[in-house]
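Right, one structure below, let's go through it.
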Protein chains: 2
Amino acid sequence: MLAQSGHRSGQARRALLELLDSQTCALSAVEIEHELREGNRPVGRASIYRILDELERLHLVQKVQVGQDMARYEPTRAGDGHHHHLVCDNCGTITPFTDAGLEDAILELSRRLPVRVAEHEIVLHGDCQSCAAG
Amino acid sequence: MLAQSGHRSGQARRALLELLDSQTCALSAVEIEHELREGNRPVGRASIYRILDELERLHLVQKVQVGQDMARYEPTRAGDGHHHHLVCDNCGTITPFTDAGLEDAILELSRRLPVRVAEHEIVLHGDCQSCAAG
DNA sequence: CTAGGTGCAAACTGTTTGCAACCCT
DNA sequence: AGGGTTGCAAACAGTTTGCACCTAG
């Protein structure tokens with residue numbers, strides 16, 4: 001965890017990084033606060049937002065606006081972890097997925113556009129498996 | 001404007017629909033309120049949100065979470081109006097774009113996934129033309 | 001020792017809700 | 001006339017900020 005980009009360690013920061021690293025999909029700030037409290041590493045709300053903001057600037061986490069309510073954050077892993085989200089409009093469940101064809105299309109599109117595309121975020125809306133079945 | 005899905009007309013609703021129809025890209029609730037006030041058709045904040053919520057349920061407008069702050073709304077036109085958004089991380093400008101390859105990829109992906117995909121939303125992050133140039 | 005990190009509580013902002021007045025039909 | 005519709009203001013939730021304390025280096 002090379003957050004040595006001119007930053008100190010600090011317990012809150014460490015706890016948050018460990019939590020994020022153990023997660024596979026996006027977490028909201030509230031969920032993070034709750035998880036940390038459960039794990040006996042309580043961290044103030046303010047610190048959570050401040051740290052996440054910092055990590056985002058360092059491109060270590062990405063803020064994703066899946067769903068319609070609160071923001072979610074997830075670590076930007078090297079590529080094997082790259083995925084997108086399917087949100088169930090019925091129950092709100094968020095499911096990650098990957099698709100090579102989609103990535104190719106975006107790559108090609110990026111070349112066509114007269115801008116520098118740094119990140120992309122894809123959100124599919126629909127009914128998740130359990131809701132579609134019911 | 002066939003909002004006759006069991007709903008009445010009302011001036012606020014009419015004014016909002018007319019405004020949305022004249023726009024080409026997504027508007028935020030605050031922008032909508034401002035625009036309506038400018039056009040001498042002031043509509044209460046609450047009504048704006050209520051109407052937008054209703055229109056979304058009727059699939060006449062789509063709520064898009066572009067950027068990181070407030071929600072934006074735009075009419076769901078038959079297909080010619082379908083587009084996605086590129087948001088400049090530097091100045092916040094939002095630019096619409098379309099890409100057939102992307103749509104194809106999503107269509108194919110939808111078939112592969114074990115869920116019913118109703119809508120999709122793609123947001124590219126990067127630097128817009130003016131920011132990249134500066 | 002001291003600059004940066006942290007927690008608390010108050011301030012902010014976008015969104016929602018309660019309620020009384022209003023106006024299409 | 002009557003129920004959906006609207007506006008106002010207060011309530012909410014997530015996020016941000018001010019400030020005093022603390023801790024890593």
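As the structure is a prediction and not an experimental result, all values here were calculated from the model. So you know, we letter chains A, B, ... as the sequences are listed, proteins then strands, and number each from 1.
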Holding to salt bridge (Lys or Arg N to Asp or Glu O under 4.0 Å), I want the full list of residues that pass it with B/Glu56, two or more places apart in sequence or in another chain.
none

Partners of B/Asp104 by side-chain contact (heavy atoms from CB on, under 4.5 Å), sequence neighbours excluded?
none

Rounded to the nearest 0.5 Å, the CZ atom of B/Arg13 sits from the CG atom of B/Leu55 at a distance of 7.5 Å

Selection residues 59-68 of chain B - residue pairs positive for salt bridge (Lys or Arg N to Asp or Glu O under 4.0 Å), sequence neighbours left out:
none

Take the protein atom CZ of B/Arg13 and the nucleotide atom P of C/dC24, then report the distance between them rounded to whole Å.
12 Å

Applying side-chain contact (heavy atoms from CB on, under 4.5 Å), name anything that partners A/Glu74, two or more places apart in sequence or on another chain.
A/Cys25, A/Ala26, A/Val64, A/His83, A/His85

Return each pair, listed once, that meets ring-ring contact (aromatic ring centres under 6.0 Å, His included) where at least one residue sits in residues 115-134 of chain A; pairs must be two or more places apart or across chains.
A/His82-A/His120, A/His84-A/His120

Could you state the atom-to-atom distance from CE of A/Met70 to P of D/dC12 in whole Å?
18 Å

Report the distance from atom CZ of B/Arg57 to atom P of D/dG4, rounded to the nearest whole Å.
14 Å

Any idea which heavy atoms bring A/Leu102 and B/Ala105 closest together, and the distance?
CD1-CB, 3.6 Å

A/Gln65 atom CD is separated from C/dT15 atom P, nearest whole Å, by 11 Å

Given atom CD1 of A/Ile32 and atom P of C/dG7, what is their separation to the nearest angstrom?
14 Å

Can you pull the salt bridge (Lys or Arg N to Asp or Glu O under 4.0 Å) pairs that have at least one residue in residues 34-49 of chain B, sequence neighbours excluded?
B/Glu33-B/Arg37, B/Glu33-B/Arg45

Find the distance B/Leu27:CG to C/dG14:C1' and express it as a whole number of Å.
16 Å

To the nearest angstrom, how far is A/Glu33 atom CD from C/dT6 atom P?
15 Å

Find the distance B/Glu31:CD to C/dT13:C1' and express it as a whole number of Å.
15 Å

Give me each pair satisfying salt bridge (Lys or Arg N to Asp or Glu O under 4.0 Å) with a member in residues 105-127 of chain A, each pair once, sequence neighbours excluded.
A/Arg112-B/Asp99, A/Arg116-B/Asp127, A/Asp127-B/Arg116

If an axis is fit to five pairs at each end of the helix from C/dC1-D/dG25 to C/dT25-D/dA1, what is the angle between the two, to the nearest 10°?
30°

What residues, two or more places apart in sequence or in another chain, satisfy salt bridge (Lys or Arg N to Asp or Glu O under 4.0 Å) together with B/Glu103?
none

Tell me, which pairs form a salt bridge (Lys or Arg N to Asp or Glu O under 4.0 Å) where one or both residues lie in residues 83-94 of chain A, sequence neighbours left out?
none

Are any protein N/O atoms closer than 3.5 Å to N/O atoms in nucleotides 21-24 of chain D? If there are, list each pair with its distance.
residue	atom	partner	partner atom	Å
D/dA24	N3	A/Arg8	NH1	3.4

Which of residues 41-53 of chain B have a heavy atom under 4.0 Å from DNA chain C?
B/Arg45, B/Ala46, B/Tyr49, B/Arg50

